[in-house]
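Data block below; observations after.
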Amino acid sequence: MDERSSGSWSQCLHAIQQKIQGQSFETWFAPITARQFTSEQAVLEVPDSFFADWLEENYIGLIKATIYEVFAWHPRITFAVDETPPVKHAPSFIPEAPPHSTSSTPPLRVFSPESQPVQPVFPLNPRYRFDNFVVGESNEVSFSAAMVTAESPGQTAFNPLVLYGGVGLGKTHILQAIGAYCIEIGTAQRVVYVTAEKFLTDYLDGINRGTTSNFYQTYRQADVLLVDDIQFYVKTEGCQREFIHTFNALYQADKQIIISSDRPPSHLKGFEDRLISRFQWGLVTNIEAPDLSTRIEILMQKAEEMGISLVQEIASFLAERINTNIRELEGALKRLVAFTKLQGYPLTIETVRKTLLSPPQKTKPTVSIESIQKAAANFFEIPLEKLVGATRKQDVTTARHVSMYLSKSLTGAPLKTIGLQFGNRDHSTVIHACRRVESKISTDSTFEHLVSQLQDHIVG
Ligand code: ADP
Ligand code: MG
């Protein structure tokens, strides 16, 4: 870029600065540089194509008018963006080199005004750490990749790091542990953990309320962005485009992106190819179901965290019978402990046999959807009619969501039945409620505590 043309553009920038608010100027104009700027042609360099679209839609008139005011020029205006991923160096044990382009184009400066020392941006659940994550054959590759990434976020070929695996196998645990570890050892300041669903809601809220710059400040300034359950990302074109722009902005700035999914990226339905291919630029790794010895070890670990002593024999008994996933395993242990406390039984193999092998209605005779609703209405101090009614007030909605979630997890009733009993709602409403509660539980330990308190009221 020659001196004279860039000087000219800065005169225009100065004139624009007089016309619009400080924040908008900083956000949308300060990062623009001129690659070419003559009376015929203005090539303005911007951080990414979202930026270009935004300027095109909102500020092109202002830009044209200002250039005319300052120079009496009518140049053709184009925006230049570079989407080429920069080359990274692979650590020695990477199975194969990721398909990075070897283009020599330097990566463009990325949209990142001052970073603020917020840590982490959303609360992480302190239960999810590397030091209480049990490593076995089923998860050791994912675990090491997670460790390496947390030690040098954005600096390895594991960008993005994509962890996939079935429900309850530890994806959220690892994601949050990465975030916590980065903060602990100081390799990242702005750690942003978000479910794909929340990312989407925040984006749409930003658009509806005209506060997209808050959205960008949160997500595009992350040092480490952890996106959980990408399979729930709603796949409209605009939303996918936004995800790509966020991805590009972070990637080009050597920031770390970590994604979890319930299936390999190539099996994700309805995602654009260019998004799927980005998921495969780094490392994709699978978390499998744990083998018996790992399941036993996990049980012992969980018991220790719960402050109870569990003999190996009982751990083996449980682990041999529950081989679906770790959440179930943990659930069985919690039920067992609750049961022994409630009945005053000792924690022996006999008790375990009784709890585990007797049909659920014998061990939990009182749990019905009605009893959950009653307990929730009491607990949240909301009239029962409101709980199952149509009101959308925040506190009532939260209570309703939690009640639906507990109805699903405690009674095992079909979603349809639960929906019916909650004011004849659709089963998809129940699914949505359960997901929101699960996601809040995994990020908000106060909320997690609240739900378990309510649960105690129901069982007791
Ligand atoms: P996912 O996100 O894959 O559905 P989670 O991360 O929520 O699964 O894990 C479910 C439960 O199992 C959590 O309580 C988590 O702490 C526990 N868990 C999963 N894997 C492990 C492991 N390897 N060691 C210890 N706990 C684990
Ligand atoms: Mg999860």
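Whatever order the structure lists ligands and atoms in, that order sets their numbers, starting from 1.
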For the pair [X] and [Y], name the ring-plane relationship: parallel under 30°, tilted 30 to 60°, perpendicular over 60°.
{"X": "His457", "Y": "Phe379", "answer": "perpendicular"}
{"X": "Phe247", "Y": "Trp281", "answer": "perpendicular"}
{"X": "Phe243", "Y": "Phe279", "answer": "perpendicular"}

Quick test: of every protein heavy atom, which one is nearest to [atom], and how far off is it to 0.1 Å?
{"atom": "atom 15 (C) of ligand 1", "answer": "His173 ND1, 3.4 Å"}
{"atom": "atom 7 (O) of ligand 1", "answer": "Arg327 NH2, 3.0 Å"}
{"atom": "atom 11 (C) of ligand 1", "answer": "Glu330 OE1, 3.2 Å"}
{"atom": "atom 8 (O) of ligand 1", "answer": "Gly170 N, 3.0 Å"}
{"atom": "atom 12 (O) of ligand 1", "answer": "Ile326 CG2, 3.1 Å"}
{"atom": "atom 23 (N) of ligand 1", "answer": "Val134 O, 2.8 Å"}
{"atom": "atom 25 (C) of ligand 1", "answer": "Asn132 O, 3.4 Å"}

Ignoring hydrogens and angles, state whether a donor on the side chain of [X] or [Y] is under 3.5 Å from an acceptor on the partner side chain.
{"X": "Gln301", "Y": "Glu297", "value": "no"}
{"X": "Asn248", "Y": "Arg278", "value": "yes"}
{"X": "Thr429", "Y": "Asp426", "value": "no"}

Can you tell me if [X] has a non-hydrogen atom under 4.0 Å from ligand 1?
{"X": "Gly168", "result": "yes"}
{"X": "Ser442", "result": "no"}
{"X": "Phe143", "result": "no"}

(message) Is it the case that the side chain of Ser260 and the backbone of Lys171 share a donor-acceptor pair, with hydrogens and angles ignored and the cut-off at 3.5 Å?
(response) no
(request) Could you tell me whether the side chain of Gln176 and the main chain of Asn125 form a donor-acceptor pair under 3.5 Å? (result)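 Indeed, once roles are kept as given, a pair shorter than 3.5 Å links the two residues.
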(message) Between Thr172 and the Mg ion (ligand 2), is there a contact where an N/O/S atom of the residue lies under 2.8 Å from the metal?
(response)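 Looking at Thr172, which is the residue asked about, there is an N, O or S atom under 2.8 Å from the Mg ion (ligand 2).
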Please list, in number order, the atoms of ligand 1 under 4.0 Å from a heavy atom of [X].
{"X": "Gly166", "value": "3 (O)"}
{"X": "Val167", "value": "4 (O)"}
{"X": "Asn139", "value": "23 (N)"}

Please report, to 0.1 Å, the donor-acceptor pairs under 3.5 Å made by any side chain of residues 382-396, with sequence neighbours excluded.
residue : atom : partner : partner atom : Å
Thr391  : OG1  : Lys393  : N            : 3.2

(request) For ligand 1, indicate whether the residue Lys302 contacts it via side chain, backbone, both or neither (heavy-atom separation under 4.0 Å). (result) side chain
(request) May I ask you to identify, for Asp229, whether its side chain, its backbone, both or neither come under 4.0 Å of ligand 1 on a heavy-atom basis? (result) neither
(request) Using distance alone, determine whether Leu169 and ligand 1 share an N or O pair under 3.5 Å. (result)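 Among all N and O atoms of Leu169, at least one is under 3.5 Å from an N or O of ligand 1.
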(message) Counting only nitrogen or oxygen atoms and a 3.5 angstrom limit, does Phe133 reach ligand 1?
(response)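 N/O-N/O distance under 3.5 Å: no.
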(request) Show the numbers, then the answer: is there a side chain to side chain donor-acceptor pair (under 3.5 Å) between Thr172 and Ser442? (result) CA-CA 8 Å; Thr172 298; Ser442 67; 5.2 Å; no
(request) Please assess Asn159 against Gln256 for the test side chain to side chain donor-acceptor pair (under 3.5 Å), listing each intermediate value before the final yes or no. (result) CA-CA 6 Å; Asn159 202 12; Gln256 180 71 44; 3.3 Å; yes
